[in-house]
2 protein chains.
Amino acid sequence: MSRHFCYGALMPASPEPIGLEIARTGRALSREFNEALTAAGGSLPQWLVLITLKQGDHRMQRDIAAAIGIEGATLTHHLHRMEADGFIRRQRGAGDRRSQLVELTPAGEQLFTRLLGAVIEFDDRLRRGISDRELAALRRTLERLRTNAASPHESTSPTR
Amino acid sequence: MSRHFCYGALMPASPEPIGLEIARTGRALSREFNEALTAAGGSLPQWLVLITLKQGDHRMQRDIAAAIGIEGATLTHHLHRMEADGFIRRQRGAGDRRSQLVELTPAGEQLFTRLLGAVIEFDDRLRRGISDRELAALRRTLERLRTNAASPHESTSPTR
DNA sequence: TATTGTTATACTCTATAACTATA
DNA sequence: TATAGTTATAGAGTATAACAATA
């Protein structure tokens with residue numbers, strides 16, 4: 001039987017569920033991250049689009065959406081905005097005219113550079129006082145948690 | 001000079017910024033967490049309200065909002081829904097008639113129990129294959145990251 | 001028929017501003 | 001004046017469903 005948390009009068013202070021703690025930490029960090037990006041003239045989804053475009057050859061919208069982990073319609077929504085703001089261009093694929101090939105404009109490149117600066121700065125701030133070793137351990141545990149979260153639910157709750 | 005990540009043709013594969021990785025992990029876990037709560041008939045903000053009510057004597061809305069980390073108006077929104085669903089009751093304070101004292105109804109207690117079950121199950125699943133020692137290290141690092149994220153930005157970017 | 005993307009619509013969570021009622 | 005909470009409104013991010021164009 002594993003060590004559990006509990007609430008109310010059942011027991012004195014007990015550890016918060018790890019999922020909730022990470023969700024909470026994630027929200028807090030996301031908020032700060034977003035503020036850093038907003039101050040630099042962008043947003044989190046925009047940044048994700050930009051790095052996806054810079055990193056590899058994900059130029060079809062389908063690939064970008066998959067890389068970011070959002071639905072195609074949601075991506076369309078963001079790309080509309082980014083295109084209206086002049087950060088990206090879209091053109092139909094020559095081979096397959098259904099596909100839209102996305103590319104950065106010079107303004108988009110500038111935005112990327114600006115956001116990259118904000119990201120680096122934020123990352124430096126976050127890592128203050130945390131050793132490389134500790135950080136590596138963190139990454140390993142996070143990876144494991146993601147795997148566990150995505151794994152099947154197993155026999156814990158047989159009914160329903 | 002610290003080890004940095006980078007993108008595009010500058011360098012081969014490099015680690016993702018830790019802030020982004022946590023934000024990503026947080027989103028993924030939040031999503032699963034939410035699905036677990038939804039399947040049990042609740043939601044994340046509802047759960048946060050419930051544990052806040054169960055944990056201590058945060059009965060004034062102001063305190064609940066502060067404990068959860070949302071604005072008062074946002075809490076009002078959630079409480080409206082929870083009251084309409086019969087999970088909580090509100091009554092004006094006897095001493096200070098401006099305040100609303102929130103309490104769980106029997107249905108609210110049942111919801112709490114149901115959600116607690118879902119949370120425990122999810123937590124067990126998440127912690128699979130992670131030692132107590134590793135988990136403790138994770139919590140310490142997360143705490144440090146939250147502190148760092150909330151800390152002043154320091155001299156990294158002197159301009160602007 | 002299947003795939004790529006768009007449009008229309010809606011939901012959740014959040015926030016700000018203006019307001020009511022108490023203190 | 002200050003505080004507790006509400007109402008109205010809005011915005012960001014997300015999703016689903018129905019659709020058009022192309023394969």
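Here the structure is a predicted model, which means the values were calculated and not measured. The sequence lines fix the lettering, A, B, ..., with proteins before strands; numbering per chain opens at 1. Excluded from the calculations below are hydrogen atoms, water molecules and symmetry mates; all remaining heavy atoms, backbone and side chain alike, are included.
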In whole Å, I'd like the distance from the [atom1] atom of [X] to the [atom2] atom of [N].
{"X": "A/L44", "N": "C/dT14", "atom1": "CG", "atom2": "C1'", "answer": "16 Å"}
{"X": "B/L48", "N": "C/dT12", "atom1": "CG", "atom2": "P", "answer": "16 Å"}
{"X": "B/R62", "N": "D/dT6", "atom1": "CZ", "atom2": "P", "answer": "14 Å"}
{"X": "B/E35", "N": "D/dT14", "atom1": "CD", "atom2": "C1'", "answer": "13 Å"}
{"X": "B/H78", "N": "D/dT7", "atom1": "NE2", "atom2": "C1'", "answer": "16 Å"}
{"X": "B/L75", "N": "D/dT6", "atom1": "CG", "atom2": "P", "answer": "8 Å"}
{"X": "B/L79", "N": "D/dT7", "atom1": "CG", "atom2": "C1'", "answer": "15 Å"}
{"X": "A/M60", "N": "C/dT6", "atom1": "CE", "atom2": "C1'", "answer": "15 Å"}

Using 4.0 Å as the upper bound for N to carboxylate O, is an ion pair formed by A/R140 and B/E134?
-> no
With sequence neighbours excluded, give me every ring pair (Phe, Tyr, Trp, His ring centres under 6.0 Å) pair touching residues 116-138 of chain A.
-> A/F33-A/F122
Check: [X] side chain, [Y] main-chain N or O, donor-acceptor pair, under 3.5 Å:
{"X": "A/R144", "Y": "B/R128", "value": "yes"}
{"X": "A/T74", "Y": "A/I70", "value": "no"}
{"X": "A/R92", "Y": "A/R98", "value": "yes"}
{"X": "B/R146", "Y": "A/A28", "value": "no"}

Do any side-chain atoms of residues 76-87 of chain A form donor-acceptor pairs under 3.5 angstrom with protein atoms, and if so which ones, sequence neighbours left out?
unit_1: A/T76; atom_1: OG1; unit_2: A/G72; atom_2: O; d: 3.1
unit_1: A/H80; atom_1: ND1; unit_2: A/R90; atom_2: NH2; d: 2.7
unit_1: A/R81; atom_1: NE; unit_2: A/D85; atom_2: OD2; d: 3.4
unit_1: A/E83; atom_1: OE1; unit_2: A/R90; atom_2: NE; d: 3.3
unit_1: A/E83; atom_1: OE1; unit_2: A/R90; atom_2: NH2; d: 3.1
unit_1: A/E83; atom_1: OE2; unit_2: A/R90; atom_2: N; d: 3.4

Indicate whether OP1 or OP2 belonging to D/dG5 is found under 4.0 Å from a side-chain N or O atom of B/H80.
-> no
Does A/T76 place a side-chain N or O at less than 4.0 Å from the phosphate oxygens OP1/OP2 of C/dT6?
-> yes
Could you encode protein contacts along nucleotides 15-23 of chain C as a string, one character per nucleotide from 5' to 3', using B for base contact, S for sugar-phosphate-only contact and - for no contact, with a heavy-atom cut-off of under 4.0 Å?
-> BBB---BBS
With sequence neighbours excluded, give me every salt bridge (Lys or Arg N to Asp or Glu O under 4.0 Å) pair touching residues 65-79 of chain A.
-> none
Any pair with a residue in residues 35-45 of chain B that passes salt bridge (Lys or Arg N to Asp or Glu O under 4.0 Å), sequence neighbours left out, goes on the list, sorted by first then second residue, please.
-> none
Using a cut-off of strictly less than 4.0 Å between a heavy atom of the residue and any atom of DNA chain D, enumerate the qualifying residues of residues 82-91 of chain A by number.
-> none
